[in-house]
Visitor: 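Dumping the structure here so I can ask a few things about it.
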Amino acid sequence: MAPKTDHLIGLLLGAEDDWPTAFEALARRLGVVRTADGADHRVSSERLTIEPFNLRDRPRHDLVIDRLAHWYYHPREWLKKVSLMDDVYLLNSPFTFQSMEKHSAYCALMRLGMHVPDTVLVPYKNPVDNARWAYTSSRYNKGFDLDAIADELGYPMFMKPFDGGAWRGVSMIKDREALHHAYDDSGEMLMHLQKAVDGFEVFARALTIGPETMTMKFQPDEPMHNRYAVEHGFLAEETGREAVTIAQTVNAFFRWEFNSCEMLVRDGVVYPIDYANACPDVAVTSLHYYFPWAMKALLRWSVFCTVTGRKARTQVDTDPWFAIADDEALDYQAKLTAYQGLADDHFETERYQEFCATSLPHVDEMVHEWVGSDEFRKLLQTTIHQTYPTHEWEKFEGHFGGLLGMWLSDEQHRLGSVADS
């Protein structure tokens with residue numbers, strides 16, 4: 001009889017309930033996962049609670065999907081403990097998300113040769129809450145001309161926090177009046193000024209989970225339910241490949257495995273502008289059409305990591321990346337190819353794809369069936385009722401129901417095409 005192993009995935013959650021309910025439903029439906037060596041594995045999940053913990057406690061979990069530790073420090077320290085002491089696999093690593101915020105991400109991608117817009121870090125507008133501030137600043141803070149910095153960057157520009165998150169404190173700056181108003185409002189937030197990519201044609205957001213990436217057309221000025229446009233082929237083929245490589249390079253470089261990367265495209269040039277998201281958007285009421293893909297990718301990658309015993313790498317190793325970046329014999333396209341190779345190695349892309357084909361071949365059909373089920377319709381309806389006022393329920397049930405109905409139809413066609421090939 002083949003050996004059987006049980007694996008437990010922990011969900012560390014804040015306010016969200018839609019995608020965790022979806023993930024739990026799919027994990028229950030998954031059944032036995034049989035690996036190439038004939039071993040059987042069962043994967044289940046549970047929601048984690050926050051409570052005192054002894055540093056020598058042994059966790060029951062093989063992997064934790066973290067959506068909380070970027071702002072809630074108690075569970076963050078528990079994640080560090082179970083990673084360091086117990087080899088629990090983390091999506092994502094709090095070690096690098098804590099130390100490698102947006103500022104570090106900008107610096108790294110600039111070093112890698114990406115087209116990051118010109119960016120300047122300016123000192124705090126208001127003193128930080130520290131008794132040593134007045135003495136230190138009087139001796140060492142050098143005066144600066146904010147207007148001169150802005151003039152050198154050129155309008156329009158954006159002012160945004162160096163560590164960012166959920167568009168907090170982001171302002172578009174079109175003139176000196178707006179510049180000073182935004183800086184005055186920044187208070188104790190440490191801010192970047194970043195040159196805008198004026199006249200861009202496309203705003204793309206790439207959601208990456210493990211080695212899988214979905215690049216979506218993003219409309220940031222629209223309401224949340226309409227920000228992700230369902231538009232296939234909105235990027236030229238070469239540009240689309242570059243967007244995927246940039247997103248996967250970010251994740252492999254920083255050891256992030258569940259992250260979104262925002263990019264602007266102008267005249268065929270891809271400009272990465274935001275790519276350090278410890279808690280990327282996966283809500284059904286924002287992703288809608290793309291929600292089933294996100295759940296499939298999250299399930300497959302989590303199962304792959306737990307069942308195969310993938311070893312987590314939580315610390316950044318810059319050497320192989322910077323060796324490519326600093327090689328003057330390589331042009332930009334050659335560097336992108338090399339970066340993609342490093343990303344594929346990091347995520348074991350070939351091994352992952354083989355695992356999905358042999359041990360998880362039923363996941364596509366399973367998710368398609370589930371999205372068409374009464375169980376999913378109830379989840380969608382419940383989420384709408386929790387998100388929108390009563391008088392909008394009918395409108396949004398029609399809106400999201402139509403988009404997911406379109407996914408069901410498109411996916412059925414795709415699955416039929418795969419079966420015929």
Visitor: Answer yes or no: is there an ion pair linking D327 with K335, defined by an N-O contact shorter than 4.0 Å?
Guide: no
Visitor: Quick one: do R47 and E24 make a salt bridge, cutoff under 4.0 Å?
Guide: yes
Visitor: Should the pair E375-R28 be classified as a salt bridge under the 4.0 Å nitrogen-to-oxygen rule?
Guide: yes
Visitor: Flag the pair R34 and D40 as a salt bridge only when some basic side-chain nitrogen lies within less than 4.0 angstrom of an acidic carboxylate oxygen.
Guide: yes
Visitor: Please say whether the positively charged group of R205, taken as NZ for Lys or CZ for Arg, lies over the ring of F218, i.e. under 6.0 angstrom from the six-membered ring centre and within 45 degrees of the axis.
Guide: yes
Visitor: Taking CD in E238 as the centre, count heavy atoms belonging to other residues, nucleotides or ligands within less than 6.0 Å. Is the count above 12?
Guide: no
Visitor: Are any of the side-chain nitrogens in E257 or R313 under 4.0 Å away from the carboxylate oxygens of its partner?
Guide: no
Visitor: Please check if the number of heavy atoms outside D129 that lie under 6.0 Å from its CG is greater than 12.
Guide: no
Visitor: Parallel under 30°, tilted from 30 to 60°, perpendicular over 60°: which one fits the rings of H74 and F53?
Guide: perpendicular
Visitor: For the CD atom on E354, are there more than 12 heavy atoms of other groups (residues, nucleotides or ligands in this structure) within a distance under 6.0 Å?
Guide: no
Visitor: Specify whether F23 and W19 have parallel, tilted or perpendicular ring planes, treating 30° as the upper limit for parallel and 60° as the lower limit for perpendicular.
Guide: perpendicular
Visitor: Parallel, tilted or perpendicular: which describes the rings of F203 and F200, with under 30° parallel and over 60° perpendicular?
Guide: perpendicular
Visitor: In terms of side-chain geometry, is the basic nitrogen of D62 or R310 positioned less than 4.0 Å from the acidic oxygen of its partner?
Guide: no
Visitor: Do E46 and R60 sit within salt-bridge range, that is, some charged N less than 4.0 Å from a carboxylate O?
Guide: yes
Visitor: For E222, I'd like to know if atom CD has over 12 heavy atoms of other residues, nucleotides or ligands within 6.0 Å.
Guide: yes
Visitor: Where the side chain of T119 meets the backbone of P117, is there a donor-acceptor pair that is under 3.5 Å apart?
Guide: yes
Visitor: Would H225 and H288 satisfy ring-ring contact (aromatic ring centres under 6.0 Å, His included), going step by step from the backbone distance to the final call?
Guide: CA-CA 8 Å; H225 68 272; H288 45 75; 8.6 Å; no
Visitor: Apply side chain to side chain contact (heavy atoms under 4.5 Å, CB included) to the pair Y332 and H115, showing each step before the final yes or no.
Guide: CA-CA 10 Å; Y332 180 63; H115 301 108; 3.6 Å; yes
Visitor: Would one find more than 12 heavy atoms of other residues, nucleotides or ligands at under 6.0 Å from atom NE2 of H232?
Guide: yes
Visitor: Please examine the side chains of L12 and I65, heavy atoms only from C-beta on, and report whether any two atoms are closer than 4.5 Å.
Guide: no
Visitor: Using a strict 4.0 Å threshold on nitrogen-to-oxygen distance, state whether E231 and K217 make a salt bridge.
Guide: yes
Visitor: Relative to the ring of H385, is the ring of W393 parallel (under 30°), tilted (30 to 60°) or perpendicular (over 60°)?
Guide: parallel
Visitor: Salt-bridged, R414 to E411, with N to O below 4.0 Å?
Guide: yes
Visitor: Is it the case that the side chain of D281 and the backbone of A283 share a donor-acceptor pair, with hydrogens and angles ignored and the cut-off at 3.5 Å?
Guide: yes
Visitor: Taking D18 for its side chain and V284 for its backbone only, find out whether a donor-acceptor pair lies under 3.5 Å.
Guide: yes
Visitor: On the 0 to 90° scale, with breaks at 30° and 60°, tag the W78-H61 ring pair as parallel, tilted or perpendicular.
Guide: perpendicular
Visitor: Going through the checks in order, is the side chain to side chain contact (heavy atoms under 4.5 Å, CB included) test met by F95 and S83?
Guide: CA-CA 10 Å; F95 299 101; S83 172; 3.7 Å; yes
Visitor: Does the cation-pi check pass for R111 over F322, that is, NZ or CZ under 6.0 Å from the six-membered ring centre and within 45° of its axis?
Guide: yes
